[in-house]
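To keep things clear, I will list the structure first and then write my remarks on it.
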Amino acid sequence: MKVPLLDLKPQYAQIKDKVIPELLDIIENQAFILGPRVDKLESEISQYIGTKHALGCSSGTDALLLALMALDIGRDDEVITTPYTFFATAGSIARVGAVARFVDIEPDTYLMRVDQIEKAITPKTKAIMPVHLFGQCVDMKPLMEIAKKHNLKVIEDACQAIGSKYDGTQAGAFGEVGCFSFFPSKNLGCFGDGGLCTTSDSALQERLKGLRVHGGVVQYQHQEIGLNARIDAIQAAVISVKLPLLAGWTEGRRHNASLYNKLFADNKKVVTPVEKSGRYHIYNQYVIRVDNRDALKAHLGEKGIGCSVYYPLSLHQQNCFANLGYRQGDFPESERAAATTIALPIFSELSEEQIRYVAETINAFTNA
Ligand SMILES: *Cc1c(COP(=O)(O)O)cnc(C)c1O
């Protein structure tokens, strides 16, 4: 049996009849940049997340960049975040000239330790960038209290967390700006690159809108230097067609996760993901922890099972961040997660038979 880590074709089959006429219409009209489909997407997503505004953009990375720029975070400002995340989180902070200050992660959820944030605050700290990693929200209640107390902005990296909830509030609705990615492997993916910012601050929305088109809302008049960070009409149309189906796909992922949890329940060698109370995990990734991770990875490859390591090197250990002055051992839980975790196939259309095959293969290997 073959079990891919992710197969997008069965999802495409569900939307094909709706999405092809939309794409054809855009092509026939040769109207690719912004326009009514982007406006429509922005109103649908802001309604879905529960913010006043949304702004479609070219990627999750550019959503983070736009958010930092719109909040005037730049040279020598510090932003507190996690070293155990996709590169773009800290990459965007460095790209605007600011400095990433890391705090370690919780060993059970792999999310940033909110109780470590206050220790990392200095007079230069301007913002906190929590990452709702793998699809579960960071502990946002105490985080927002800390931000308020110290007058810090909050930019949520919700790129893996569309539809994830914390005490009933959607990821991306807590901070000044929420940042989303429509990269194909995210739970809501487009046909290429795409992203989006959410905000309930109307002045900030206007600023983001300008920054998205070279820093000027009025064409050829530039208040500041922005980016070309628009989303294409084609990508907006794809997301609009998919959005009504997202809740069902998320439930499919959650169902698969609970089946894995059951199948691993008696295996002491496999640590399964934890969903904290009050949170709604959307399982962009289903990540387990094992001692012999690299050997397991090789074995799953031989058995036709797709898997991947997110992420093999903690960001404080990346060459490009050597200037931050961190050393091995500074964030032990992040380093331990990088060495011992592995993501398994979790997409909605997996069959029960495939999930049983993955779990049985892992149970046999870890107890051999
Ligand atoms: C995917 C992702 C991003 C970047 O999104 P792109 O659309 O690929 O630019 C940023 N942060 C996290 C945590 C991500 O998973």
Side-chain angles (χ1 to χ4, degrees), residues 5-6 8 41 45 54-69 79-96 98 100 102-103 105 109-112 127-138 140 154-164 171-172 174-175 177-198 208 212 227-232 234-236 238-239 242 253 273 281-287 308-316 318 320-321 334 337-338 341 343 346-347:
L5 179 63
L6 176 63
L8 292 167
L41 175 71
I45 300 261
L55 182 103
C57 65
S58 39
S59 68
T61 304
D62 287 339
L64 293 168
L65 272 176
L66 288 168
L68 288 159
M69 291 167 79
V79 180
I80 296 171
T81 190
T82 160
Y84 188 63
T85 175
F86 180 59
F87 179 78
T89 309
S92 64
I93 294 168
R95 184 42 66 217
V96 298
F102 297 125
V103 300
I105 56 169
T109 62
Y110 313 110
L111 298 168
M112 83 189 289
I128 309 171
M129 189 181 279
V131 180
H132 306 310
L133 195 73
F134 303 144
Q136 176 161 233
C137 285
V138 170
M140 289 308 284
V154 174
I155 299 169
E156 295 176 71
D157 183 340
C159 286
Q160 297 182 8
I162 192 155
S164 183
F174 287 90
V177 186
C179 300
F180 294 90
S181 166
F182 301 133
F183 185 77
S185 71
K186 312 292 168 144
N187 286 26
L188 187 63
C190 61
F191 289 178
D193 278 303
L196 180 131
C197 296
T198 49
L208 289 165
R212 178 173 69 175
L227 303 170
N228 172 2
R230 297 175 295 247
I231 188 170
D232 293 336
I234 283 180
Q235 306 305 347
V238 172
I239 297 299
K242 282 191 174 187
R253 285 172 179 266
H281 197 322
I282 62 151
Y283 293 99
N284 178 241
Q285 301 296 345
Y286 180 91
V287 173
S308 193
V309 172
Y310 303 113
Y311 299 90
L313 190 62
S314 198
L315 294 187
H316 68 286
Q318 298 285 351
C320 68
F321 293 135
S334 179
T341 64
I346 191 68
F347 61 97

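Remember, it's 1-based here, ligands and their atoms both numbered in the order they're listed.
- Taking each heavy atom of D193 and Q235 in turn, the nearest pair found is O-CG, 3.7 Å.
- The ligand atoms of ligand 1 that sit less than 4.0 angstrom from a heavy atom of S59 are 7 (O), 9 (O).
- Contacts with ligand 1 closer than 4.0 Å are made by side-chain heavy atoms of V131 only, the backbone lying farther away.
- For the 3.5 Å distance criterion, the side chains of H132 and E156 qualify, holding a donor opposite an acceptor.
- Using 4.0 Å as the threshold, D157 has a heavy atom nearer than that to some atom of ligand 1.
- The two atoms that bring C137 and L111 nearest to each other are O-CD1, 3.3 Å, heavy atoms only.
- Atom 2 (C) of ligand 1 has K186 NZ, 2.6 Å as its closest protein atom, hydrogens excluded (heavy atom only).
- The closest side-chain donor-acceptor pair between T85 and Y310, if any, does not fall under 3.5 angstrom.
- Aromatic rings from F347 and Y283 are positioned such that their centres are separated by 6.0 Å or more.
- Between T85 and ligand 1, not a single N/O pair is under 3.5 Å apart.
- The shortest N or O to N or O distance between G60 and ligand 1 is below 3.5 Å.
- A tilted orientation is assigned to the rings of F86 and Y311, their planes being inclined by 30° to 60°.
- Protein heavy atom nearest atom 10 (C) of ligand 1, with residue, atom name and distance: C159 SG, 3.5 Å.
- Near Q160, meaning under 4.0 Å from any of its heavy atoms, are these atoms of ligand 1: 13 (C), 14 (C), 15 (O).
- Closest non-hydrogen pair, S58 versus N228, comes out as OG-O, 4.3 Å.
- Which of A63, S181, S58 comes nearest to atom 5 (O) of ligand 1 through a heavy atom is settled by distance: it is S181.
- Closest to atom 9 (O) of ligand 1 among all protein heavy atoms lies T61 OG1, 2.5 Å.
- At a cut-off of 3.5 Å, with distance as the only test, a side-chain donor of T89 or D157 sits close to an acceptor on the other residue.
- Annotation: D193 places no N or O atom under 3.5 Å from an N or O atom of ligand 1; distance criterion only.
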